[in-house]
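Reviewing the structure listed below.
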Amino acid sequence: MQTAAQDALGSRATAKVEPTPRALIEELTAIVGAANCIHEPSELLTYESDGLATFRQRPGVVVLPGSTDEVSRVVKAAAKHGLPMVPRGAGTGLSGGALPVPGCVLVGLSRMKQILEVDLPNGYLRVQPGVINLDVSKLLSPKGYYYAPDPSSQSVCTIGGNVAENSGGAHCLKYGFTVNHVLGLRVVLHDGTIVDLGGPTLDAPGYDLVGVVVGSEGLLGIVTEVFLKALRKPEATRTFFATFPTTREAGDAVSAIIASGIVPAAIEMMDTLAIIAAKAATGLDWPEVGAALLMDVDGPLDEVEHTAKHAGDLARKAGCIELRLPKDEAERQLMWKGRKSAFAAVGRISRNYIVQDGTIPRSEIGRVLGEIATLSAAAGIRVANVFHAGDGNLHPLVLFDARVPGEEKKAEELGGEILRICLRAGGSITGEHGVGAEKAMYMAEMFTDDDLDTMSRLRCAFDPLQRFNPGKVFPTPRLCGDRPGLYKAHPAELSGQAERT
Amino acid sequence: MIWGVEEQEPTTVEEAQEMLRAAFAAKQRVAFAGGGTRLGLGPAPKGVQAVLRSSKLSKILEYAASDQVVVAEAGVTLAQLQAELGKNGQRLAIDPAQPERQTLGGIIASNAFGPLRTRHGSVRDLIIGVSILRADGVRAKGGGKVVKTVAGFDLPKLMCGSLGTLGFIATCTFRVHPVPEATQTLVSQGLSALEVNAAAAAMRAQQLEHGALIATRTAPGRFDLAVRFEGFGKGVEQQVKKARGIAGLVIVDDQAWREHAALLSAGPTRLKISALPTQLSKVDSALPQGRLGWYPLLGLGFVAGDIGVDAIAAARAALAGGSLVVEEAPSALDAWGAAPAGLALHQAVKNRFDPQGLLAPGRFIGGI
């Protein structure tokens with residue numbers, strides 16, 4: 001079936017792919033070693049898709065470099081042969097950011113997983129991109145520190161992938177996203193040049209290119225080192241799980257809590273279907289009500305005692321049925337496990353599903369959920385909602401059975417309609433999963449041609465021949481006016497004194 | 001007159017767009033200004049033929065208090081915005097000096113900040129959307145009107161600190177925060193640089209959430225340390241109690257912050273210093289003259305006074321690894337210092353946005 005992502009990738013998805021040149025495979029093998037250069041068709045299967053598993057494309061060759069220098073040499077080799085490159089972390093992304101493009105050199109960073117430097121007095125650490133997100137906090141925990149961004153996939157996803165996607169997570173309401181926690185980057189550019197952006201000292205003179213590369217979805221270069229902020233753990237955390245008759249009352253509770261001046265560390269909402277799924281996956285004894293909120297406040301002890309109590313009062317006033325407080329840290333962790341496993345848990349109540357990701361102004365939550373419910377009923381497709389309510393980031397899970405003819409298509413159409421509802425409400429087509437291959441086609445609905453042209457100028461500055469992750473993010477190909485083919489940037493060109501036409 | 005040119009003050013974004021299109025057609029070199037408080041930052045742009053000033057783009061366009069998001073034209077002053085947000089118990093959590101003159105566009109373009117940066121980050125951490133006019137007058141936007149969006153490249157962050165060399169900031173969108181219920185400042189006087197570091201470390205060890213923390217030099221090697229706690233009354237009370245056990249901190253009024261703001265204009269020269277947070281002692285000895293304000297948890301500081309070109313060169317050598325930027329000076333000094341690693345990439349960005357080099361030429365790093 002022709003899918004949205006394949007549409008976005010255009011004819012390339014169906015074009016006849018030339019086999020990877022033997023000479024290139026030999027060059028790559030010489031750089032990374034035979035064990036780390038994968039080109040047998042059967043072994044390439046693993047890399048055909050990322051977390052957006054409905055879309056598949058075999059890469060030309062997969063390389064697993066072990067150092068910045070190896071990445072640089074791999075990039076030079078691929079550039080010499082004029083082949084596209086797709087960087088990949090753990091492959092947990094949900095928008096097809098690491099989906100191979102036909103014939104590409106897929107650069108997997110999973111072997112680069114060293115923590116290179118930890119400097120707590122100065123509040124930072126330096127890591128390689130293949131380090132697992134949760135491993136950073138695990139390393140820092142005995143010293144009383146942690147790394148704040150916590151995507152639900154944090155036990156498997158990598159820092160490099162987080163940088164590419166500007167990953168969020170439940171706790172970014174108070175603490176911000178990956179971009180707010182990255183101080184510096186080492187990046188390999190399209191011609192193999194290695195450049196350092198930012199670093200452990202703030203406000204390096206120049207443009208905020210760290211802020212630009214974070215969230216650029218692998219289109220600007222390959223990140224090989226990352227400076228991260230290490231945060232001191234808060235003194236105390238208070239959590240509640242509150243149930244409501246419908247999502248409307250739960251939404252009212254969220255609005256009231258935020259309006260009272262409380263900035264929760266996280267405030268998450270689940271609807272009935274999501275609650276049922278989480279229960280099935282974790283064995284939690286949650287009641288099957290219309291909606292539930294899971295909230296964390298953290299900070300100084302007296303402050304959180306006050307805000308937790310006040311937030312609880314506001315939840316009751318908004319129509320809360322039951323307010324549960326975890327009796328200990330183990331129970332608290334279990335509640336969060338229920339929330340964080342919600343995506344996968346939906347697999348227990350539906351054969352197939354699409355994870356959507358859109359953002360709306362928080363005050364629109366009740367109305368938008370109503371619209372989604374109406375569409376869902378009309379299409380005969382169930383939608384489970386689990387989302388970051390504090391910042392209006394919806395994750396509707398569109399449930400379907402791929403064995404039923406036409407159902408997958410209906411589910412995709414419904415997913416697309418949900419994004420359009422988000423846009424009409426003044427929101428965004430993606431809050432944290434990225435545009436990737438999946439949503440490139442919706443970019444033109446959120447941005448004008450001039451907006452996209454301006455963004456593509458940034459891309460052209462970094463990668464004039466668009467070798468990195470072509471076909472992603474931008475809805476239509478936009479050339480930079482540079483000559484394709486075998487290409488080696490002239491130093492004068494790199495310094496901006498000359499340009500190819 | 002700004003940079004020797006009579007400034008144009010459009011009253012709508014469309015007017016600004018017309019002016020830019022006309023300048024572009026005539027291949028005129030254009031520079032942008034807001035409140036005019038930070039014109040000394042970077043070398044004066046070369047051969048400017050037109051200056052576009054945002055002062056009359058002063059409308060707050062959308063403010064959804066319940067969503068904690070505000071959209072405003074770039075010429076809105078920080079004080080004007082805070083007054084509007086304050087009606088709903090909210091604020092933009094950024095506090096550079098001269099809020100009644102500093103415009104939002106100017107704050108973004110010059111990356112202006114104040115003590116609140118310790119807690120809330122800088123303008124890059126609070127901006128969520130922007131619309132700009134390119135050199136050719138084309139209007140483009142990035143980001144959005146919601147706190148959380150990752151669609152497309154981050155034009156809002158690209159504009160932060162870009163000093164008008166990539167485009168004219170027309171409108172901007174920010175995440176806003178609640179005004180804290182209570183605040184309390186404490187001060188400890190006469191600390192050494194090492195004692196300042198130790199106090200900052202102790203506050204971190206105690207898991208305090210400072211709203212702001214600053215050390216101000218009173219004599220060579222001697223500092224007053226001021227900390228402000230913000231939040232709900234109970235939390236502030238508890239934190240003050242804990243902090244009083246650290247480095248002799250005592251409760252004071254808010255005078256410390258006014259002194260900090262005054263320090264910045266102790267001129268004629270003002271430098272911005274960036275180093276590792278624990279390097280106060282090094283900064284102190286590298287720049288013994290002038291007044292010094294230092295943010296111990298950020299590794300940023302300002303030195304203001306009569307500081308000569310040789311002293312600046314020596315300090316740059318001593319502070320290698322960080323940076324020293326001349327923000328104000330009575331005569332032309334090397335504003336940026338040695339070109340950073342990756343200058344070619346910065347130049348490539350500039351060339352793609354402004355291929356003819358018409359916007360504020362020469363004002364930015366490496367002659368950009």
Side-chain angles (χ1 to χ4, degrees), chain A residues 121-123 165-166 168 176 180 195-197 200-209 211-212 215-216 232 234-235 255 259 261 299-303 306-307 359-363 391-393 426-432 434-435 443 446-447 450-451 454-455 457-458 460-461 494-496 499, chain B residues 64 66-67 89 111 121 124-125 134 138-142 144-155 157-158 160-162 178 181 201 204 207 209 231-232 234-235 237-239 274-278 298-300 321-323 325 336 340-342 344-349 351-353 365:
Chain A
N122 287 308
E165 302 297 318
N166 189 15
N180 307 109
V195 60
D196 287 326
L197 307 173
T201 59
L202 299 177
D203 291 5
Y207 299 121
D208 183 2
L209 298 184
V212 164
S216 61
R232 181 77 172 106
E235 183 182 21
S255 294
L301 178 65
D302 289 9
E303 175 118 349
H306 168 77
T307 50
T359 317
I360 54 169
R362 183 172 40 234
S363 54
D391 39 32
N393 186 187
S428 169
I429 57 169
T430 170
E432 56 184 6
V435 176
M443 282 289 279
M446 178 162 172
F447 294 106
D450 287 338
D451 301 338
T454 304
M455 290 177 195
R457 288 175 180 226
L458 203 45
C460 293
L494 277 179
S495 68
E499 192 169 88
Chain B
S66 60
D67 297 324
N111 185 26
R124 87 190 276 275
D125 299 299
R134 290 190 327 217
V138 167
R139 184 173 183 172
K141 68 175 183 298
K145 282 195 295 186
V146 281
V147 170
K148 207 173 174 188
T149 173
V150 294
F153 291 159
D154 204 331
L155 294 183
K157 284 190 181 61
L158 181 65
C160 292
S162 64
E181 181 185 277
R204 210 158 26 189
Q207 295 166 302
E209 280 190 358
F232 289 96
K234 290 213 165 69
E237 214 172 284
Q238 179 209 353
Q239 297 196 81
S274 170
L276 290 174
T278 54
L298 298 174
L300 293 172
S323 61
V325 173
W336 301 108
L345 196 55
H346 295 266
Q347 285 171 325
V349 171
N351 291 345
R352 293 289 176 176
F353 274 74
I365 60 161

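Small disclaimer: the values here were computed from a predicted structure and weren't measured. Throughout, a chain's letter reflects where its sequence line sits, starting with A, and its residues are numbered from 1.
Contacts between A:Asp203 and chain B at a heavy-atom distance below 4.5 Å involve backbone atoms as well as side-chain atoms. Looking at A:Ser216, the atoms closer than 4.5 Å to chain B (heavy atoms on both sides) sit in the backbone and in the side chain alike. Within the 4.5 angstrom heavy-atom criterion, atoms from both the backbone and the side chain of B:Leu276 approach chain A. For a residue to count as touching a neighbouring chain, one of its non-hydrogen atoms must lie under 4.5 Å from one of that chain's; by this rule B:Asn111 touches chain A with the side chain only. Residue contact with chain A, scored on non-hydrogen atoms closer than 4.5 Å, involves the side chain of B:Val138 exclusively. Both the backbone and the side chain of A:Leu458 come within contact range of chain B, judged by heavy atoms closer than 4.5 Å. With a 4.5 Å cut-off on non-hydrogen atoms, B:Arg204 touches chain A through its backbone and its side chain both. B:Leu158 touches chain A through backbone and side chain together, each having a heavy atom under 4.5 Å away. In this structure, chain A has heavy atoms under 4.5 Å from both the backbone and the side chain of B:Thr278. For A:Met446, the parts lying near chain B are the backbone and the side chain together; criterion is any non-hydrogen pair under 4.5 Å.
If you tally non-hydrogen atom pairs under 4.5 Å between each of A:Thr359, A:Val195, A:Asn166, A:Ile429 and chain B, the highest count goes to A:Thr359. Looking only at heavy-atom pairs under 4.5 Å with chain A, the residue among B:Ala341, B:Gly322, B:Gly161, B:Ser274 that has the most is B:Ser274. Listed options B:Lys157, B:Lys145, B:Lys234 were ranked by heavy-atom pairs under 4.5 angstrom with chain A; first place goes to B:Lys157. Between chain B and the options A:Gly123, A:Pro300, A:Gly211, A:Gly176, heavy-atom pairs under 4.5 Å are most frequent for A:Pro300. Highest contact tally toward chain A, considering only B:Ala201, B:Gly121, B:Ala64, B:Ala275, is held by B:Ala275 [criterion: heavy-atom pairs under 4.5 Å].
Residues A:Asp450 and B:Arg139 are not in side-chain contact: their nearest non-hydrogen atoms beyond the backbone lie 4.5 Å or more apart. A 4.5 Å side-chain heavy-atom check between A:Val212 and B:Val349 finds every atom pair outside the cut-off. Using a 4.5 Å heavy-atom cutoff, the side chains of A:Ile360 and B:Val146 are not in contact.
Rounding to the nearest 0.5 Å gives a distance of 4.5 Å between CD of B:Gln238 and CD of A:Glu235. Atom CG of A:Leu202 sits about 6.0 Å away from atom CG of B:Leu298, to the nearest 0.5 Å. In this structure, CG in B:Asp154 is found 8.0 Å from CG in A:Asp208, a value given to the nearest 0.5 Å. Taking OG1 from A:Thr454 and CZ from B:Arg134, the interatomic distance works out to 4.0 Å, rounded to the nearest 0.5 Å. Separation of atoms CD (A:Glu303) and CD (B:Glu237) is listed at 11.5 Å; rounding is to 0.5 Å.
Applying the side chain to side chain contact (heavy atoms under 4.5 Å, CB included) rule to A:Thr430 yields the partners A:Asp357, A:His433, A:Val435, A:Lys439, B:Val150, B:Ala151; only residues at least two apart in sequence or on another chain are considered. Contacts of B:Glu209 classified as salt bridge (Lys or Arg N to Asp or Glu O under 4.0 Å), with partners at least two apart in sequence or in another chain: A:Lys174, B:Arg119.
Minimum heavy-atom separation, B:Asp67 to A:Arg362: OD1-N, 3.2 Å. Heavy atoms only, all atoms of each residue included: B:Ser323 and A:Pro205 are closest at CB-CD, 3.6 Å. A:Tyr207 and B:His346 get closest at one heavy-atom pair: N-ND1, 3.1 Å. Heavy atoms only, all atoms of each residue included: B:Gly142 and A:Phe447 are closest at CA-CE2, 4.3 Å. A pairwise comparison of heavy atoms in B:Gly321 and A:Thr201 identifies O-OG1, 3.4 Å as the closest pair. Residue B:Pro178 comes nearest to A:Gly261 through the heavy atom pair CG-O, 3.3 Å, listed as atom of the first residue, atom of the second, then distance.
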